[in-house]
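Input: a single structure, listed below in structure tokens.
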Amino acid sequence: MIESSSNSHIKRIQKLMKNARFRRQEQAFIAEGWKMADEALGRGLVRALYLSESAECEYEKRLSAGISAAPCSRFPIQTVSDRCFRDMADTINPQGILAEVTMPRYDREQVLSSRQASLLCLEDIQDPGNLGTMMRTAEGAGMTALILSRGCVDLFNPKVVRSTMGALFRVPFFICDDMSTEVESLKKDGFVIYAAHLSAERDYTDVQYPDRAAVLIGNEAGGLSDAVAGRADALLRIPMEGELESLNAAVSAALFMYELYRSRKNVLQ
């Protein structure tokens, strides 16, 4: 059992929790709590599993079932004293289980090859809760994938990971170096690009969305950059009453995504 906070395993977990560059270098992140660990187990992505001393018995049966069902189950399982586990965890009241997990990877060409595809493109989203909520909503709205600019908060930030509620393992995503270049590439692939923008004249509900559509959502404080908005095929707005200047970025993204969902459903009926 690990009983010292200076243990190399503890230090590695803490570094993966706090350091985005280290996560990218290792292509690994931390999934805390049973739900996220179980999702990773089922996909064969777990590299190492850590249990708190007091939670070891509680998770014994669940782990046995999860590991036996996992495509790849050869990884170390470490028991950690409750005090050390609290030092490792990112939550105030940890559940007593966390996993080091390999980052999911997706084949862009394969994911975007279908005739009908809906994308959420995010430029420089900064709030972890917003990004996690957007990914979770994207799953609910049946979006094909998320595309994130390099300036977005790290998708594998512990707060983002938790707020996705497992959607991180189910919704394909890609990170681009430059969203302007990405938009031009999507256009060449047959996507029509719509930008959520306060200066737009048309409402987002006044559009007949095509089979291949992408929606651009910008930074919480500044919205979309002029360079990116200027490359969109159309600027669309969300109508607002009262004296509001804008809606929360995750709320705006949700409205657009479910409008795409409604549009797809109407075509199929």
Side-chain angles (χ1 to χ4, degrees), residues 106 108 111-112 114 116-155 160 164 167-168 171-240 244-264:
Y106 299 94
R108 179 189 171 91
V111 170
L112 303 186
S114 62
Q116 188 176 73
S118 302
L119 307 178
L120 180 66
C121 302
L122 304 175
E123 184 185 25
D124 297 354
I125 296 298
Q126 295 299 297
D127 184 83
N130 277 342
L131 182 53
T133 298
M134 288 174 183
M135 175 162 273
R136 185 178 175 186
T137 307
E139 180 179 18
M143 299 297 284
T144 304
L146 266 63
I147 298 180
L148 292 75
S149 71
R150 193 67 72 176
C152 285
V153 61
D154 181 26
L155 183 58
V160 177
T164 68
L168 177 65
V171 178
F173 59 86
F174 307 98
I175 299 171
C176 67
D177 291 320
D178 180 75
M179 187 58 77
S180 296
T181 303
E182 179 66 26
V183 167
E184 292 301 323
S185 177
L186 290 173
K187 284 183 176 182
K188 291 176 182 177
D189 288 338
F191 284 89
V192 180
I193 313 298
Y194 300 93
H197 206 281
L198 293 174
S199 67
E201 295 182 358
R202 279 198 295 171
D203 289 357
Y204 77 109
T205 55
D206 292 340
V207 175
Q208 181 60 52
Y209 293 95
D211 286 340
R212 291 168 71 77
V215 173
L216 291 163
I217 300 289
N219 172 265
E220 292 92 341
L224 290 167
S225 66
D226 291 341
V228 171
R231 284 171 168 76
D233 293 299
L235 303 183
L236 302 175
R237 69 184 182 94
I238 298 169
M240 290 178 286
L244 288 176
E245 293 183 359
S246 64
L247 295 176
N248 172 274
V251 171
S252 298
L255 289 170
F256 270 92
M257 286 190 280
Y258 270 98
E259 182 61 17
L260 284 172
Y261 177 82
R262 186 192 66 80
S263 180
R264 291 194 304 271

Ring geometry between F256 and Y204 (parallel below 30°, tilted from 30 to 60°, perpendicular above 60°) |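 Y204 vs F256 ring planes: tilted.
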
Applying side chain to side chain contact (heavy atoms under 4.5 Å, CB included), run through L260 and M143 and close with a yes or a no.
-> CA-CA 9 Å; L260 284 172; M143 299 297 284; 3.9 Å; yes

Salt bridge (charged side-chain N to carboxylate O under 4.0 Å, His left out) partners of residues 213-232, not counting sequence neighbours, each pair once =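 Every salt bridge (charged side-chain N to carboxylate O under 4.0 Å, His left out) pair that includes a residue of residues 213-232, provided the two are not neighbours, is E184-R231.
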
Write out all pairs satisfying salt bridge (charged side-chain N to carboxylate O under 4.0 Å, His left out) with one or both partners inside residues 140-150, taking only residues at least two apart or from two chains.
->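 Every salt bridge (charged side-chain N to carboxylate O under 4.0 Å, His left out) pair that includes a residue of residues 140-150, provided the two are not neighbours, is R150-D177.
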
Is there a side-chain contact between [X] and [Y], using heavy atoms and a 4.5 Å cut-off?
X: V183; Y: F191; value: no
X: R202; Y: V207; value: yes
X: M135; Y: L120; value: no
X: M134; Y: C152; value: no

[atom1]-[atom2] distance between [X] and [Y], expressed to the nearest 0.5 angstrom:
X: F174; Y: Y106; atom1: CZ; atom2: OH; result: 8.5 Å
X: T205; Y: L255; atom1: OG1; atom2: CG; result: 10.0 Å
X: T133; Y: I125; atom1: OG1; atom2: CD1; result: 11.0 Å
X: N219; Y: L122; atom1: CG; atom2: CG; result: 11.0 Å
X: C121; Y: L216; atom1: SG; atom2: CG; result: 5.0 Å
X: S118; Y: R264; atom1: OG; atom2: CZ; result: 4.0 Å

Minimal non-hydrogen separation, [X] against [Y], with atom names:
X: A213; Y: Y194; answer: CB-CE1, 4.1 Å
X: S149; Y: M179; answer: N-CE, 3.7 Å
X: L224; Y: A196; answer: CD1-O, 3.7 Å
X: R212; Y: S114; answer: NH1-O, 2.5 Å

Kindly write out the residues that satisfy salt bridge (Lys or Arg N to Asp or Glu O under 4.0 Å) with D203, not counting sequence neighbours, or none if the list is empty.
->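 Salt bridge (Lys or Arg N to Asp or Glu O under 4.0 Å) list for D203, sorted by chain: R237.
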
Identify, with sequence neighbours excluded, every residue that meets salt bridge (Lys or Arg N to Asp or Glu O under 4.0 Å) alongside E123.
->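 Result, salt bridge (Lys or Arg N to Asp or Glu O under 4.0 Å) vs E123: none returned.
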
Go through L198 and M240 one step at a time and tell me if the side chain to side chain contact (heavy atoms under 4.5 Å, CB included) criterion holds.
-> CA-CA 10 Å; L198 293 174; M240 290 178 286; 4.1 Å; yes

Pairs involving residues 134-147, ordered by first then second residue, that meet side chain to side chain donor-acceptor pair (under 3.5 Å) (sequence neighbours left out) |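 Residue pairs with at least one partner in residues 134-147: E139-R170.
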
Test item: E201 side-chain N/O and L235 main-chain N/O as donor-acceptor pair under 3.5 Å =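 No; judged by distance alone, with no hydrogens or angles, the pair does not exist.
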
Of D154, D124, L131, which meets side-chain contact (heavy atoms from CB on, under 4.5 Å) against L148?
->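 Of D154, D124, L131, side-chain contact (heavy atoms from CB on, under 4.5 Å) with L148 is met by L131 alone.
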
Checking side-chain contact (heavy atoms from CB on, under 4.5 Å) against L186, which of V192, T181, L112 comes through?
->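 One option only clears the test, and that one is L112.
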
Just wondering, more than 12 heavy atoms not from Y261 lying within 6.0 Å of its OH?
->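 It does not: Y261 OH has 12 such atoms or fewer within range.
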
Name every donor-acceptor pair, under 3.5 Å, that has one atom in a side chain of residues 247-254 and the other anywhere in the protein, sequence neighbours excluded.
unit_1	atom_1	unit_2	atom_2	d
N248	OD1	A250	N	2.7
N248	OD1	V251	N	3.2
N248	ND2	N130	OD1	3.2
S252	OG	N248	O	3.2

